[in-house]
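To find a chain, count down the sequence lines: A is the first, B the second, and so on, and within it residues start at 1.
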Protein chains: 4
Amino acid sequence: MARSIGQLGTPAQGRELRARGRRTMRKLLDAGVETFAKRGYHAARVDDIVKRAKISHGTFYLYFANKEELFLTLTQEVADEMVGLADDFPAIEVGPKGYLELRSWLTRLVEVYERYGPVLRAWTETEIGASEFGRLGTDVWTEFSRVLIEQIRRSSTNDLDPQIAALAVVAMIERFNYYVLARQVDVSRDDMLDTLASVTHAGLFGGANETPG
Amino acid sequence: MARSIGQLGTPAQGRELRARGRRTMRKLLDAGVETFAKRGYHAARVDDIVKRAKISHGTFYLYFANKEELFLTLTQEVADEMVGLADDFPAIEVGPKGYLELRSWLTRLVEVYERYGPVLRAWTETEIGASEFGRLGTDVWTEFSRVLIEQIRRSSTNDLDPQIAALAVVAMIERFNYYVLARQVDVSRDDMLDTLASVTHAGLFGGANETPG
Amino acid sequence: MARSIGQLGTPAQGRELRARGRRTMRKLLDAGVETFAKRGYHAARVDDIVKRAKISHGTFYLYFANKEELFLTLTQEVADEMVGLADDFPAIEVGPKGYLELRSWLTRLVEVYERYGPVLRAWTETEIGASEFGRLGTDVWTEFSRVLIEQIRRSSTNDLDPQIAALAVVAMIERFNYYVLARQVDVSRDDMLDTLASVTHAGLFGGANETPG
Amino acid sequence: MARSIGQLGTPAQGRELRARGRRTMRKLLDAGVETFAKRGYHAARVDDIVKRAKISHGTFYLYFANKEELFLTLTQEVADEMVGLADDFPAIEVGPKGYLELRSWLTRLVEVYERYGPVLRAWTETEIGASEFGRLGTDVWTEFSRVLIEQIRRSSTNDLDPQIAALAVVAMIERFNYYVLARQVDVSRDDMLDTLASVTHAGLFGGANETPG
DNA sequence: TATGAATGAGATTTCATTCAT
DNA sequence: AATGAATGAAATCTCATTCAT
């Protein structure tokens with residue numbers, strides 16, 4: 001496809017950005033998340049993004065080579081948050097203390113999901129397993145699961161394959177968040193957290209399904 | 001657009017189809033599923049579908065007004081299967097018998113997912129709650145959950161909100177299937193079923209995490 | 001930059017073309033030459049080409065991935081003609097017979113140049129030595145010179161390095177044609193051929209500058 | 001556009017330039033030649049030029065209204081050199097003395113070409129005969145040829161049309177230089193000069209193909 | 001019933017030029 | 001005198017849909 005070799009606007013990943021430039025970039029990233037949230041990754045047009053960011057069309061390409069690259073940048077941001085979160089995963093006890101710790105960790109996860117959900121979901125849209133894209137996506141959840149696996153191995157009373165069990169739970173959390181955020185189901189945030197914590201605690205850590213009240 | 005659902009009104013559905021026509025239509029529907037699987041709904045182009053079906057471009061429009069209508073037709077097919085499946089959901093006991101019944105029901109669900117997963121996933125991509133589309137998608141899972149809710153209400157020993165619990169489980173099942181089918185995780189089908197059954201049984205029906213062996 | 005993988009219109013190099021398709025392709029190639037002639041390669045827009053070919057914009061991309069690919073196809077055509085021509089280069093004698101044979105061979109060369117001059121000139125515009133482009137360009141003239149070198153080696157009475165001498169002549173022929181065709185100088189075709197033949201005959205093959213009349 | 005040639009009226013040419021300004025301008029002109037050399041006139045972007053000059057984008061427009069004006073400034077520089085060179089063209093004798101004088105004059109021409117070749121070549125790219133541009137280009141070579149014509153008329157022993165003969169030689173010189181500079185052929189500078197001098201001397205001035213050695 | 005070819009609206013991308021500091 | 005950022009017009013390219021055979 002042989003695009004011309006010298007690129008005009010070196011998408012600003014490389015160059016040093018002044019305050020104004022950083023502000024513009026932030027505006028574009030935020031507009032990106034919002035647009036992906038509203039239309040999904042594929043349906044989102046660069047035009048939607050720049051309109052939302054109140055930025056001219058040409059400026060977009062000063063910062064990103066294309067929509068995919070903006071997405072990849074967002075991806076890095078989530079990955080960082082997620083890995084940090086996974087590192088903080090506590091040892092879960094069977095009793096009420098374990099339940100509460102689990103719940104409060106899940107709260108943080110839901111917060112990340114609330115901010116970056118559209119980005120996380122976008123991976124689903126994409127051709128699977130193929131691109132840099134897919135690989136990156138896997139990595140986030142994999143790293144995430146890795147930690148869970150350790151915990152389950154230590155805490156769990158049942159004899160499930162820890163890897164599979166962790167995956168199942170991550171899947172549930174992700175999907176459930178999706179349903180709630182996508183308003184396909186109407187549930188308060190607290191109720192969601194109670195349920196997530198409870199099911200996870202009971203299903204994986206041998207907890208006794210203690211819910212508040 | 002905006003055709004009634006019952007009578008989709010796709011070009012070829014008003015007409016009587018001869019054997020050859022039916023074969024062509026089947027080829028297109030199958031190619032549709034495969035293409036959605038590979039690229040996702042939005043990224044799938046009519047051109048991809050016809051190439052895969054080894055059908056000429058023009059012929060496509062003899063059978064479907066556009067990509068969406070092909071999708072809607074597939075949707076009908078899944079919906080039929082899913083509702084049938086939901087109707088067959090058994091009462092789940094706490095003991096090993098309950099576990100086995102749950103597992104064998106999940107087996108059938110996984111089979112449906114293996115065939116129609118891409119179609120089920122496609123809803124996710126679409127702007128949510130908006131289209132005829134989204135509504136239909138919701139309906140399948142809602143109907144599906146409705147039955148689960150009943151069962152949980154009857155069987156569950158814990159005091160979770162049955163609606164939320166059902167949703168969490170459906171979410172897990174769907175997502176887990178997705179991971180496995182997308183080969184983002186390498187797990188045998190039997191292991192997957194063991195885990196799904198076990199986690200669900202323990203997490204929702206008070207089962208004791210009995211796994212075979 | 002990471003275009004989608006499945007291409008819509010496989011630029012028609014591969015596919016079998018029916019009569020109509022071949023006609024359209026020919027129209028595009030011809031319009032290409034004319035447009036390059038008028039505006040030069042770089043200044044030529046795809047839009048100019050399709051307008052001249054009276055073809056819709058989209059159709060262009062059914063046949064060529066972009067302007068460069070159309071150019072490359074033309075390039076193949078010239079290369080074929082030029083190599084054929086080089087193979088026919090006669091042994092040049094010192095006397096009038098040699099002059100006439102040289103002149104008639106040059107006539108054929110000028111005809112090729114009249115048809116494909118714009119394509120030959122376009123190489124000049126392009127980044128030099130770098131692209132597939134440049135290499136291809138070199139090859140045509142190189143192959144061309146190779147044959148001349150042989151002839152000069154056999155016929156020439158002087159002790160010039162044959163390679164350099166051949167190159168100098170090819171250069172002169174090419175450039176002179178360019179001036180004449182570009183109407184930067186007003187000379188009849190016959191006068192041009194007389195001069196080319198005469199200067200070449202004298203300068204390289206030891207001829208006595210015999211011109212008719 | 002359409003500024004008078006004598007007073008180019010480029011932003012910085014009306015102003016008095018301090019040492020720093022002159023340095024910046026020189027950097028831009030040099031970067032211009034290099035960029036035209038590398039990409040050709042049309043493909044060269046203002047961005048390429050400023051990057052090479054290590055000058056900011058905005059600064060360019062402090063000195064030149066656009067790319068064309070930078071080019072026109074360069075053009076003035078070459079034109080001056082070339083006209084001076086043409087004025088110095090010596091009368092060429094048939095014998096060795098003529099050969100040597102011709103050769104040493106060609107040496108100077110090649111030096112100019114080495115410095116400004118890209119600028120000279122750029123004319124070729126442009127739509128011919130049309131712009132202020134093209135006219136200027138023609139003028140350089142025309143003035144140049146005019147002198148040669150005089151010399152050939154005086155010196156030549158053959159009965160070629162002097163105008164055509166002169167043109168042919170100019171063409172050869174220009175083209176040959178191009179090939180060599182473009183490294184499409186690998187020849188030492190001395191060999192190139194020997195050949196150019198020899199072919200020209202023999203082909204046009206009745207020389208006896210004397211080469212050193 | 002089927003096909004290859006053509007279309008054109010809309011999306012993406014480039015880049016000369018202007019602006020604010 | 002210089003700069004980084006922004007702009008928008010114009011070009012490229014894609015692809016759902018229609019057409020003629």
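- Remark: C1' of dC13(F) and CD1 of Ile49(C) are 14 Å apart, rounded to the nearest angstrom.
- One finds no side-chain N or O of Thr24(A) lying less than 4.0 angstrom from the OP1 or OP2 phosphate oxygen of dA5(F).
- At a threshold of 4.5 Å between non-hydrogen side-chain atoms, the residues Thr75(C) and Tyr116(C) do not count as touching.
- Base pairing analysis places dA11(E) opposite dT12(F); the two distances defining the Watson-Crick or G-U wobble pair are each below 3.5 Å.
- The interatomic distance linking Lys51(B) (NZ) with dG4(E) (C1') rounds to 13 Å, in whole Å.
- The nearest whole Å value for the distance from the CG atom in Leu28(B) to the C1' atom in dA16(F) is 15 Å.
- Of the side-chain N and O atoms in Tyr63(A), none sit less than 4.0 angstrom from OP1 or OP2 of dA5(F).
- With both pairing distances under 3.5 Å, dC19(F) is matched to dG4(E) as a Watson-Crick or G-U wobble pair.
- Considering only side-chain N and O atoms, Arg18(A) lies nowhere under 4.0 angstrom from the phosphate OP1 or OP2 of dG4(F).
- Taking atom NZ of residue Lys54(A) and atom P of nucleotide dA6(F), one finds them 16 Å apart after rounding to whole Å.
- When each of Leu72(C), Leu74(C), Asn66(C), Thr73(C) is checked for a side-chain contact (heavy atoms from CB on, under 4.5 Å) with Leu70(C), only Leu74(C) meets the rule.
- Ion pairing between a basic and an acidic side chain is recognised when a charged N comes within 4.0 Å of a carboxylate O; Arg52(D) and Asp48(D) show no such pairing.
- Rounded to whole angstrom, the span from the CG atom of Leu70(B) across to the P atom of dT17(F) amounts to 12 Å.
- A 4.5 Å side-chain heavy-atom check between Ile49(D) and Glu34(D) finds every atom pair outside the cut-off.
- Comparing His57(A) and Gly21(A) against DNA chain F, the residue whose closest nucleotide sits nearer the 5' end is Gly21(A).
- A close approach under 4.0 Å does occur between a side-chain nitrogen or oxygen of Tyr61(A) and OP1 or OP2 of dT13(E).
- One interatomic measurement links the two molecules: CZ of Phe60(A) to P of dA5(F), which rounds to 17 Å at whole-angstrom precision.
- If you find the closest nucleotide of DNA chain F to Arg20(C) and to Lys67(C), the one lying nearer the 5' end belongs to Lys67(C).
- When each of dA16(F), dT12(E), dC15(E) is scored by its nearest atom to the side-chain atoms of Val46(A), the top-ranked nucleotide is dT12(E).
- Phe60(A) has its side chain out of reach of Ile55(A): every pair of non-hydrogen atoms, C-beta onward, lies at least 4.5 Å apart.
- The distance between atom CD1 of Ile55(C) and atom C1' of dG8(E), rounded to the nearest whole Å, is 14 Å.
- For Thr59(A), the listed nucleotide lying nearest its side chain is dA6(F); candidates were dA6(F), dA16(F), dT13(E).
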